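What follows is one structure encoded as C-alpha cells, with my remarks underneath.
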Amino acid sequence: MSTQFDACAARRVEAIYLTPDVVRQRREILDALALASGERVADLGSGPGLLAQDMLGRVGAQGSVEGVDLSADMVALAQQRCAAAANARFRTGDVARLPYEDARFDVAVCTQVYEYVEDVDAALRELHRVLRPGGRAVVVDTDWASCVWNASDAERMRRMLETWDRHCPHPQLPRTLRRRLEQAGLQVDSCGAIVLLNDRLDPDTYSHAMMGVIGAYAGKRLGADMAAAWREDLAALGARDEYFFSLNRYLFRVRRPR
Ligand SMILES: C[S@@+](CC[C@H](N)C(=O)[O-])C[C@H]1O[C@@H](n2cnc3c(N)ncnc32)[C@H](O)[C@@H]1O
C-alpha cells in the first residue's frame with residue numbers, strides 16, 4: 001500500500017500536515033508522549049519528519065530521534081527538515097521488520113501508519129521488541145467510520161467514503177487496536193480521541209485538503225463526474241454556511257511491561 005507515498009504524495013501529505021488542524025493534533029501527541037531530555041525515540045513511519053522535528057526539541061542534544069519509513073521520498077523530506085540535528089537519523093524500512101536491535105528505545109511513536117500495514121500484528125510485535133522493558137509508546141490511527149460530513153446527497157457521500165475506505169487495508173483499525181496491542185505483549189495505559197472538526201469550509205483546513213485527495217482517489221474509481229459533483233456540493237454547502245466535517249483519530253498510550 002505504501003508505494004502510494006511517492007514524491008508527489010509525500011509533498012501532499014506534508015502540506016496537509018501543516019494545516020492548523022494537524023498542527024494541533026501533533027501538539028496533543030507531543031503532550032501524550034511527555035518526552036524528557038536525553039530520551040532515545042523511534043518514529044515509526046516518520047513521514048515528512050514534522051513530528052520528529054518537534055520531538056528533537058524535547059529530547060535535546062543528549063537524546064535522539066530515529067525515523068524509519070517505507071517511502072524513500074518521505075525519508076528524503078524528513079532528512080531535509082531535520083538536517084541541522086546531529087542526533088536525528090532517518091532510513092528506509094518497514095515497521096513490520098524494524099532495522100533496530102532489541103530494546104533500543106525509551107519511547108516510540110507511530111502516527112497514522114499501522115492502518116497502512118497489511119500485517120499490523122507483526123508490526124506491533126516489532127514495536128514491543130524495540131522498546132526497552134518499561135519503555136512507552138504512543139500509537140494514533142483513524143477510524144474512517146467516525147467521519148461525519150454533511151452533504152445534500154447522502155447516498156453519493158456514502159459511496160465516496162466507502163470507496164475511500166479502500167485506500168488502506170485497515171480503515172477502521174482503532175476499534176481492534178487495544179486487543180492487538182495487548183496480544184503483542186504491550187500494556188495499554190489509556191485511549192483517547194483526537195477530533196478533527198471543521199464547521200466552516202476554509203482552505204487552510206484538513207477537510208478542505210481531503211476534498212482534493214478523496215475526490216481524486218474516488219474519481220478514478222467512480223468517475224470524474226461524480227467526484228466533481230461531490231466537491232461542488234461541499235463548496236455550495238460552504239457558501240451557504242452549512243458545511244460540517246468531523247473525524248476521529250484514536251490515541252493509545254502503551255508501555256512494554258518490565
Ligand atoms: C499518513 S503518513 C503519516 C506520517 C507520519 N507518521 C506523521 O504522522 O506525520 C503514513 C506514512 O506511513 C508510511 N508507511 C506506510 N506503511 C509503512 C510500513 N509498512 N513501514 C514503514 N512506513 C510505512 C508511509 O510511507 C507514510 O510516510
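For reference, positions follow the sequence shown, starting with 1. Just so you know, these numbers come straight off a predicted model, no measurement behind them. What you see below is based on every heavy atom in this structure, not just the backbone, and it leaves out hydrogens, waters and symmetry mates. In listed order, ligands and their atoms are each counted from 1.
- When L70, D69, V13 are checked for heavy-atom proximity to atom 25 (O) of ligand 1, D69 turns out nearest.
- Ligand 1 has at least one atom lying under 4.0 Å from a heavy atom of G93.
- The salt bridge (Lys or Arg N to Asp or Glu O under 4.0 Å) test applied to D21 returns R24, not counting sequence neighbours.
- Residue Y116 places no N or O, backbone or side chain, under 3.5 Å from any N or O of ligand 1.
- Inspection of the T19 and D204 side chains reveals no N or O donor paired with an N or O acceptor under 3.5 Å.
- Checked by atom type and distance alone, the side chain of R136 pairs as donor or acceptor with a backbone atom of L33 at under 3.5 Å.
- Contact atoms of ligand 1 toward D94: 18 (C), 19 (N), 20 (N) (distance under 4.0 Å to a heavy atom of the residue).
- Heavy-atom contacts of V117 reach the following atoms of ligand 1: 19 (N) (cutoff under 4.0 Å).
- The atoms of ligand 1 that sit less than 4.0 Å from any heavy atom of F5 are 10 (C), 24 (C), 25 (O), 26 (C).
- Atoms of ligand 1 found under 4.0 Å from any heavy atom of Y17, numbered from 1 in the order shown, are 1 (C), 2 (S), 3 (C), 7 (C), 8 (O), 9 (O).
- For residues 44-100, the ring pair (Phe, Tyr, Trp, His ring centres under 6.0 Å) pairs, not counting sequence neighbours, are Y100-F105.
- Within the 3.5 Å criterion, the main-chain N or O of G60 finds a donor-acceptor partner in the side chain of N87.
- For the residue pair N248 / Y250, a side-chain donor-acceptor distance below 3.5 Å is found, with atom types taken as modelled.
- The option with the heavy atom closest to atom 8 (O) of ligand 1, from among T142, T111, V120, V95, is T111.
- Within the 6.0 Å centre-distance limit, the rings of H167 and Y116 are counted as a close aromatic pair.
- Those atoms of ligand 1 that come under 4.0 Å of a heavy atom in G45, given as number and element, are 4 (C), 5 (C), 6 (N), 22 (N).
- Every atom of ligand 1 is numbered from 1 in the order shown, and the set under 4.0 Å from a heavy atom of S71 is 25 (O).
- E155 and R159 are not joined by a salt bridge, as no carboxylate oxygen comes within less than 4.0 angstrom of a charged side-chain nitrogen.
- The closest approach between any non-hydrogen atom of V113 and ligand 1 is below 4.0 Å.
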